[in-house]
K.L.:
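After the structure tokens below, expect a handful of questions from me.
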Amino acid sequence: MAGNRLVPTMQTHKQVIENFVREGKAGMGTYVKATDDLLYSRVPAGYRPWGQEPWGETARGQEAPLAVRLKDGSLLANGARLLDPMHNHQWDVLKTLEQNHSRFGVVPFHSVAAAWTDGAIDDWNRASISISALKEEVAIAVPSGGERWREVTYKDEDGDENTRSIHSLGDSVVRVKDRFYLSAVDETGVGSGMYFLAELVTDRAPKTLEDAVNFLKPGVVREAEAQGANVLRQGEWFAIPTYYRTSELMRDVERGIAVYGERHVLGKDGHHELEEAVIYKAGPRKGEVYARGVLRHTKDEHVDLRLGTARWYLIVHNVAGAAYTLSGKGTAQFD
């Protein structure tokens, strides 16, 4: 100790994290540090765990936020994919938040940056968002329920039903500036699901996650579900079963008010491809798209949706503003 200058007491990472979450206290560990409102991880360029050269890619020489205490005391945890040892710090934060029954949300900060800048910047490190501004302009409307796994069913190429596990860090709804976003995992994504942040077209905060999901459904989908229809989905596209016969649709094709196509890609610059489609170009159903067969993603980011060939489905887009997904090392990307 030089003179009377006090040297901060070093704490374990667990102590720093628990004191920040439970009591809002600052603290300092070897790599995990906290102020009253920011918990972060800083890994030196010379990082050598147990005195050994690390195996594989690590976060040495990097700094990343782990959690921020917002204006109302809620905690916003960074759900971006971080490298070791930050990854371990991140999981310790999430476990502590769950065990402490804190009011929190889990959102990749890269996605916060994308929402903040209307998609202009999708990298938190380049967004230049101050912690004080984040505390003022971001709020948690519907908190996370914590990490969970759930089973979903899907049909394989032979038409047989199978199940797979979907992983979520905790779906939640957050407000960024004056817009609300659903932060969740889409079970139609390949593997254990695909993270997305979707802007809700509403000026009021949803009360529950179910409420938020319903905001994404167009009226025709909600009406079909209310009548008991088995509405299917892949990403942002819904498939509503209809009773139209092939002969009816092909008659309209012959009349010139609709066109038949194979491998039709939905939307401008889209990636969702229909095996068979009938697209109306005129008449009262102008703009409607009907499909059968397989709905696949051209970049293989979603599990194939097998509609079958016995029935035609009306294909409709969700109701959402900007939407962002994550790929690579936690970088926000447009879907």
Side-chain angles (χ1 to χ4, degrees), residues 11-43 59 62-113 115 124 129 131-132 134-150 165-176 180-185 192-193 195-197 205-210 212 326 330:
Q11 300 171 311
T12 65
H13 293 156
K14 183 177 181 181
Q15 288 174 325
V16 175
I17 292 169
E18 290 181 348
N19 288 340
F20 176 83
V21 170
R22 296 174 181 174
E23 303 177 42
K25 289 184 177 180
M28 180 177 294
T30 305
Y31 305 134
V32 177
K33 308 172 191 305
T35 64
D36 294 342
D37 53 12
L38 172 65
L39 179 69
Y40 63 100
S41 180
R42 178 187 294 158
V43 181
Q62 299 178 22
E63 179 177 318
L66 299 174
V68 172
R69 191 177 308 281
L70 302 176
K71 188 176 180 179
D72 67 352
S74 300
L75 292 166
L76 183 68
N78 186 1
R81 188 180 307 157
L82 303 179
L83 297 173
D84 286 333
M86 290 181 177
H87 176 75
N88 298 326
H89 308 156
Q90 187 178 34
W91 281 109
D92 287 342
V93 171
L94 294 174
K95 286 187 291 185
T96 303
L97 288 168
E98 290 183 19
Q99 293 167 358
N100 197 54
H101 304 293
S102 303
R103 191 176 192 280
F104 70 97
V106 182
V107 181
F109 279 24
H110 296 305
S111 291
V112 172
W124 170 259
I129 303 172
I131 297 304
S132 59
L134 188 74
K135 290 177 60 175
E136 287 291 328
E137 298 290 351
V138 176
I140 298 170
V142 179
S144 168
E147 181 193 12
R148 66 190 180 103
W149 289 85
R150 66 181 185 273
S165 297
I166 300 300
H167 178 247
S168 171
L169 292 177
D171 299 346
S172 55
V173 177
V174 296
R175 175 182 60 78
V176 180
F180 294 97
Y181 295 83
L182 172 61
S183 173
V185 170
S192 55
Y195 172 81
F196 70 93
L197 185 78
K207 296 180 180 179
T208 64
L209 285 173
E210 183 180 6
L326 290 185

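Just so you know, these numbers use all the heavy atoms, side chains as well, and skip hydrogens, waters and symmetry mates. The chain is numbered in sequence order, starting from 1.
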K.L.:
If I take atom CZ from residue R81 and atom CE from residue M86, how far apart are they, to the nearest 0.5 angstrom?
P.N.:
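So the CZ of R81 and the CE of M86 are separated by 15.5 Å.
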K.L.:
Donor-acceptor pair, distance only, cut-off 3.5 Å: does the side chain of N19 make one with the backbone of K25?
P.N.:
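Not a single qualifying donor-acceptor pair exists.
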K.L.:
Are any of the side-chain heavy atoms of S183 and Y195 separated by less than 4.5 Å?
P.N.:
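Contact flag for S183/Y195 side chains = yes.
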K.L.:
Could you work out, with side-chain contact (heavy atoms from CB on, under 4.5 Å) as the rule, every residue matching S132, not counting sequence neighbours?
P.N.:
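Applying side-chain contact (heavy atoms from CB on, under 4.5 Å) to S132 gives S130.
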K.L.:
Pick from V174, L94, L75, N78: which one makes a side-chain contact (heavy atoms from CB on, under 4.5 Å) with V106?
P.N.:
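Going through V174, L94, L75, N78 one by one, the side-chain contact (heavy atoms from CB on, under 4.5 Å) with V106 is satisfied by L94 alone.
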K.L.:
Hey, does the side chain of S74 reach the backbone of A139 with a donor-acceptor pair shorter than 3.5 angstrom?
P.N.:
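Looks like no, no N/O pair under 3.5 Å.
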K.L.:
Please examine the side chains of V142 and T208, heavy atoms only from C-beta on, and report whether any two atoms are closer than 4.5 Å.
P.N.:
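Answer no - side chains too far apart.
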K.L.:
Output, in order, the C-alpha distance, side-chain angles, deciding distance and verdict of side-chain contact (heavy atoms from CB on, under 4.5 Å) for E63 and V43.
P.N.:
CA-CA 6 Å; E63 179 177 318; V43 181; over 6 Å; no
K.L.:
Using a strict threshold of under 4.0 Å (side-chain N to carboxylate O), is an ion pair present between K14 and D92?
P.N.:
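Salt bridge flag = no for K14 with D92.
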K.L.:
Could you state the interatomic distance from CG (L134) to CG (L70), rounded to the nearest 0.5 Å?
P.N.:
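Between L134 CG and L70 CG, I get 6.5 Å after rounding to 0.5 Å.
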K.L.:
Please check this pair: side chain of H89 against backbone of S41, looking for a donor-acceptor N/O pair closer than 3.5 Å.
P.N.:
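Such a contact is absent between H89 side chain and S41 backbone.
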K.L.:
Report yes if the side chains of P143 and F104 come closer than 4.5 Å at any heavy-atom pair, otherwise no.
P.N.:
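No, too far: nothing below the 4.5 Å cut-off.
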K.L.:
Do R69 and F20 form a cation-pi contact, if we require the NZ or CZ to be under 6.0 Å from the six-membered ring centre and within 45 degrees of the ring's axis?
P.N.:
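Cation-pi check for R69 and F20: passes.
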K.L.:
Parallel, tilted or perpendicular for H13 and Y31, by the 30°/60° rule?
P.N.:
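Judged by the thresholds at 30° and 60°, the geometry between H13 and Y31 is tilted.
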K.L.:
To the nearest 0.5 Å, what is the distance between CH2 (W91) and CG (L82)?
P.N.:
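The CH2 atom of W91 sits 11.0 Å away from the CG atom of L82.
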K.L.:
Mind checking whether K33 and R42 have side chains closer than 4.5 Å, heavy atoms only?
P.N.:
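Sidechains of R42 and K33: in contact.
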